[in-house]
Q: 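Dumping the structure here so I can ask a few things about it.
Bear in mind the structure is a predicted one, so any value in this text is a computation, not a measurement.
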Amino acid sequence: MHQHPHGAHPGGHPAGLAKNEGGVPPLRLLAWETTRRCNLRCLHCRAGAEDECYPDELTTAQGEELLRDLATMGRPVVILTGGEPLLRHDIFHLAAYGHGLGLRMVMGTNGVLITPEVARRLVEAGIQRISVSIDGPDAQSHDVFRGQQGAFEGSMAGIAAARAAGLEFQVNTTVTRGNLPWMQAIQDLAQRLGAVAHHIFLLVPTGRGRALSGEIISAEEYEDVLNWFYDQRGKACMELKATCAPHYFRVLRQRAKADGLDLTFQSHGLDAVSKGCLGGQGFAFVSHVGQVQACGYLDLPAGDVKKQPFSRIWQESELFGKLRDPNLLGGKCGRCEYRRVCGGCRARAFEATGDVLAEEPLCVHQPALR
């Protein structure tokens, strides 16, 4: 499983999160796990994906139905993800079908399967951007993380093919204790490769990632890497986003205030991305079998697109309703002055406590007394 962006996506910025008359925010991003099958065995994989066929995946017709329904909800960005989406036989058809409906189609991939021919077909199908996961600055570091020798070389070849075809790409990096010292080197590599963006993901310990407890950075290291990321603004010639890291929106405000800056989203490349965790509040995830979730890391069902349209689930889900109310947050998240712009990672809270509304376990901030 490569990371699919949540609060940030391949292809620019989602629009604002203003709610409609019923109090339901508009859908801006949907990640569809088109297949769970994958050609790599990444250490952190949320899905625990293997290179085998998985039963009950949405059919082509069910996928088309999902895309038609999404097209009635404005023009959300649809992230075709996995597993490895390029292992799905009808992926080019589905991409073109969504594109024809006016949806903004992008793809998250490990890059290994992108040949010049595949890159050309992705462009023809209307894919506007791909994200490629790079978790080390060289073959030795990346291949260990990805569970396969040659993965780095394959990703580099895939990126070169995409670039030659004129296909925009971004680099995604999962931050762990092992690659924390290499963050700058990875970002420099992304810039040299010509990436339009670098998105960092803070590991959420689900699936195979649960076995990586020693790789999960501490709350203090988390704070340090977000402050480092803040310092990269203006230095890197590409868009920078921190995902599964809602605290970044607190850090932004704290640092901007300390620096005497007038924090406007436009000047900080954050136009209209006004919140940390967007799960159920602008973003959702559909699994390979059609289960709707707030995100890929939060394995709690909000509905099933095989039984009812996604648009109805988005409107009526009890889980999404809870996630949309910051006043329901527990612990220090509920008392925090930044709860409306951060909200904590609900998946990390759920993994740690079994309560989706509990306080975020990896946060050093102590809320101001109110």
Q: Would you find a donor on one side and an acceptor on the other, under 3.5 Å apart, between the side chain of Trp228 and the backbone of Met183?
A: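 Judged by distance alone, no pair lies under 3.5 Å.
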Q: Nearest 0.5 angstrom please: Phe201 CZ to Cys244 SG, how far?
A: 6.0 Å
Q: Within the 4.5 Å heavy-atom criterion, are Leu29 and Val78 side-chain neighbours or not?
A: no
Q: Spell out, as yes or no, whether a donor-acceptor pair under 3.5 Å connects the side chain of Gln281 to the backbone of Leu323.
A: yes
Q: Hydrophobic cluster membership, with links at side-chain heavy-atom distances under 4.5 Å among I/L/V/M/F/W/Y: are Val251 and Val364 in one?
A: no
Q: Could you measure the distance from the CZ atom of Phe350 to the SG atom of Cys345? Nearest 0.5 Å is fine.
A: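 Phe350 CZ to Cys345 SG: 12.0 Å, rounded to 0.5 Å.
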Q: Looking only at non-hydrogen atoms, find the nearest pair between Phe285 and Cys295 and report the distance.
A: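 The pair with the smallest heavy-atom distance is CB-C, 3.6 Å.
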Q: Got a second to check how far Met107's CE is from Leu86's CG, nearest 0.5 Å?
A: 5.0 Å
Q: Other residues, nucleotides and ligands only: do more than 12 of their heavy atoms fall within 6.0 Å of NZ on Lys306?
A: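 Yes, enclosed.
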Q: Could you state the interatomic distance from CG (Leu357) to SG (Cys333), rounded to the nearest 0.5 Å?
A: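 Output value for this atom pair is 10.0 Å.
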Q: Run Ile127 and Leu80 through side-chain contact (heavy atoms from CB on, under 4.5 Å) and show every step you take.
A: CA-CA 9 Å; Ile127 292 292; Leu80 301 175; 4.1 Å; yes
Q: Is it the case that the side chain of Thr173 and the backbone of Ile134 share a donor-acceptor pair, with hydrogens and angles ignored and the cut-off at 3.5 Å?
A: yes
Q: State whether the side chain of Gln293 and the backbone N or O of Leu298 hold a donor-acceptor pair below 3.5 Å, judged by distance alone.
A: yes
Q: Any side-chain heavy atom of Gln187 sitting closer than 4.5 Å to one from Phe229?
A: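 With C-beta onward as the side chain, the pair touches.
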Q: Write down the atom of Leu27, the atom of Pro76, and the distance for their closest heavy-atom approach.
A: O-CB, 3.7 Å
Q: Count the heavy atoms belonging to other residues, nucleotides or ligands that lie under 6.0 Å from CD of Glu223, then report whether that count exceeds 12.
A: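 It does: Glu223 CD has more than 12 such atoms within range.
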Q: Below 30° counts as parallel, above 60° as perpendicular, anything between as tilted: where do the rings of Tyr338 and His365 land?
A: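 Taking His365 first and then Tyr338, their aromatic rings stand perpendicular (interplane angle over 60°).
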Q: CD of Glu117: more than 12 outside heavy atoms within 6.0 angstrom?
A: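 Atom CD in Glu117 is crowded, with more than 12 foreign heavy atoms closer than 6.0 Å.
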Q: Is there a donor-acceptor contact under 3.5 Å from the side chain of Arg339 to the main chain of Arg335?
A: no
Q: Do Val132 and Asn172 touch side chain to side chain, with heavy atoms closer than 4.5 Å?
A: no
Q: Could you tell me which residues satisfy salt bridge (Lys or Arg N to Asp or Glu O under 4.0 Å) with Glu221, sequence neighbours excluded, listed by chain and number?
A: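 Salt bridge (Lys or Arg N to Asp or Glu O under 4.0 Å) list for Glu221, sorted by chain: Arg177.
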Q: If you measure from CD on Gln232 to CE on Met238, what distance do you get to the nearest 0.5 Å?
A: 9.0 Å
Q: Donor-acceptor pair, distance only, cut-off 3.5 Å: does the side chain of Arg340 make one with the backbone of Glu337?
A: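 Answer holds: no.
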Q: Evaluate whether atom CZ of Arg121 has more than 12 neighbouring non-hydrogen atoms of other residues, nucleotides or ligands under 6.0 angstrom away.
A: no
Q: Which atoms form the tightest heavy-atom contact between Cys342 and Pro246, and what is the distance?
A: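 So the two residues come closest at O-CB, 3.4 Å.
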Q: Taking all atoms of both residues into account, what is the closest heavy-atom pair of Gly280 and Pro25, and its distance?
A: O-CG, 4.3 Å
Q: Would a distance-only check, ignoring hydrogens and angles, find a side-chain to backbone donor-acceptor pair under 3.5 Å from Lys332 to Cys363?
A: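 At least one qualifying donor-acceptor pair exists.
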Q: Can you tell me how far the CG atom of Leu362 sits from the CG atom of Leu202, to the nearest 0.5 Å?
A: 8.0 Å
Q: Mind running side-chain contact (heavy atoms from CB on, under 4.5 Å) on Gln291 and Asp304 for me, showing each step along the way?
A: CA-CA 5 Å; Gln291 177 171 292; Asp304 183 343; 5.8 Å; no
Q: Give me the atom names and distance for the closest heavy-atom approach of Val292 to Ile313.
A: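 Scanning both residues completely, I find the closest heavy atoms to be CG2-CD1, 3.7 Å.
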Q: What do you reckon, is CD of Gln184 surrounded by more than 12 foreign heavy atoms closer than 6.0 Å?
A: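 Correct, the count exceeds 12.
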Q: Is there a donor-acceptor pair under 3.5 Å between the side chain of Asp69 and the backbone N or O of Ser311?
A: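 Yes: the side chain of Asp69 pairs with the backbone of Ser311.
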Q: Hey, are Asn110 and Glu84 close enough side-chain-wise for a donor-acceptor pair under 3.5 Å?
A: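 A pair is found: one side chain offers a donor N or O, the other an acceptor, under 3.5 Å apart.
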Q: As a quick check of understanding, evaluate side-chain hydrogen bond (donor to acceptor under 3.5 Å, both in side chains) for Asp259 and Tyr230, giving each step before the final call.
A: CA-CA 12 Å; Asp259 293 345; Tyr230 174 90; 3.1 Å; yes
Q: How about Leu58 and Val305: do any of their side-chain heavy atoms sit closer than 4.5 Å?
A: yes
Q: Mind checking what makes side chain to side chain contact (heavy atoms under 4.5 Å, CB included) contact with Pro137, not counting sequence neighbours?
A: Ser141, Trp182, Ala185, Ile186
Q: Tell me whether Arg36 is salt-bridged to Glu57, with the criterion being a basic N under 4.0 Å from an acidic carboxylate O.
A: no
Q: Please table the atom pairs, donor to acceptor, closer than 3.5 Å between any side-chain atom in residues 90-101 and protein atoms at least two apart or in another chain.
A:
from  : atom 1 : to    : atom 2 : distance (Å)
Asp90 : OD1    : Arg88 : NE     : 2.5
Asp90 : OD2    : Thr60 : OG1    : 2.4
Asp90 : OD2    : Arg88 : NH2    : 3.2
His93 : NE2    : Glu64 : OE2    : 2.6
Tyr97 : OH     : Arg68 : NH1    : 2.8

Q: Test your reading of the model: is there a side-chain donor-acceptor pair from Asn179 to the backbone of Val175, 3.5 Å cut-off?
A: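 No; zero donor-acceptor contacts below 3.5 Å.
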Q: Would you confirm whether Gln62, through its side chain, and Thr59, through its main-chain N or O, come within 3.5 Å as a donor-acceptor pair?
A: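 Yes: the side chain of Gln62 pairs with the backbone of Thr59.
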Q: Do NZ/NE/NH1/NH2 and the carboxylate oxygens of Arg255 and Asp231 come within less than 4.0 Å?
A: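 Counted as a salt bridge, because a side-chain N and a carboxylate O are separated by less than 4.0 Å.
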Q: For a side-chain contact (heavy atoms from CB on, under 4.5 Å) check, start with the C-alpha distance between Arg129 and Val196, then their side-chain angles and the critical distance, and finish with the verdict.
A: CA-CA 9 Å; Arg129 187 190 289 190; Val196 295; 3.4 Å; yes
Q: Indicate yes or no: at least one non-hydrogen side-chain atom of Leu30 is less than 4.5 angstrom from one of Phe310.
A: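 Result yes, sub-4.5 Å side-chain heavy-atom pair found.
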Q: Hey, does the Lys NZ or Arg CZ of Arg28 hover above the aromatic six-ring of Trp314, less than 6.0 Å from the centre and inside 45° of the axis?
A: no
Q: May I ask you to test the Leu67-Met105 pair for a side-chain heavy-atom distance under 4.5 Å?
A: yes
Q: So, for Ser131 and Gly108, which heavy atoms are closest and what is the spacing to 0.1 Å?
A: OG-CA, 3.2 Å
Q: Are Val118 and Leu193 joined in one hydrophobic group, where the rule is that I, L, V, M, F, W and Y side chains link up if heavy atoms are under 4.5 Å apart?
A: yes
Q: With side-chain contact (heavy atoms from CB on, under 4.5 Å) as the test, would you mind laying out the steps for Arg324 and Leu319 before giving the verdict?
A: CA-CA 9 Å; Arg324 290 165 185 165; Leu319 173 63; over 6 Å; no
Q: Can you confirm whether the side chains of Glu239 and His199 place a donor and an acceptor under 3.5 Å from each other?
A: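 Yes, a side-chain donor-acceptor pair sits under 3.5 Å.
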Q: Is there a path of hydrophobic side-chain contacts, each under 4.5 Å between heavy atoms, that joins Leu113 and Met156?
A: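 Leu113 and Met156: one cluster.
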Q: Should Leu252 and Arg233 count as side-chain neighbours, where that means a heavy-atom distance under 4.5 Å?
A: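 A side-chain contact under 4.5 Å exists here.
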Q: Using only heavy-atom distances, determine whether the side chains of Thr34 and His288 contain a donor-acceptor pair under 3.5 Å.
A: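 No pair is found: no donor N or O on one side chain lies under 3.5 Å from an acceptor on the other.
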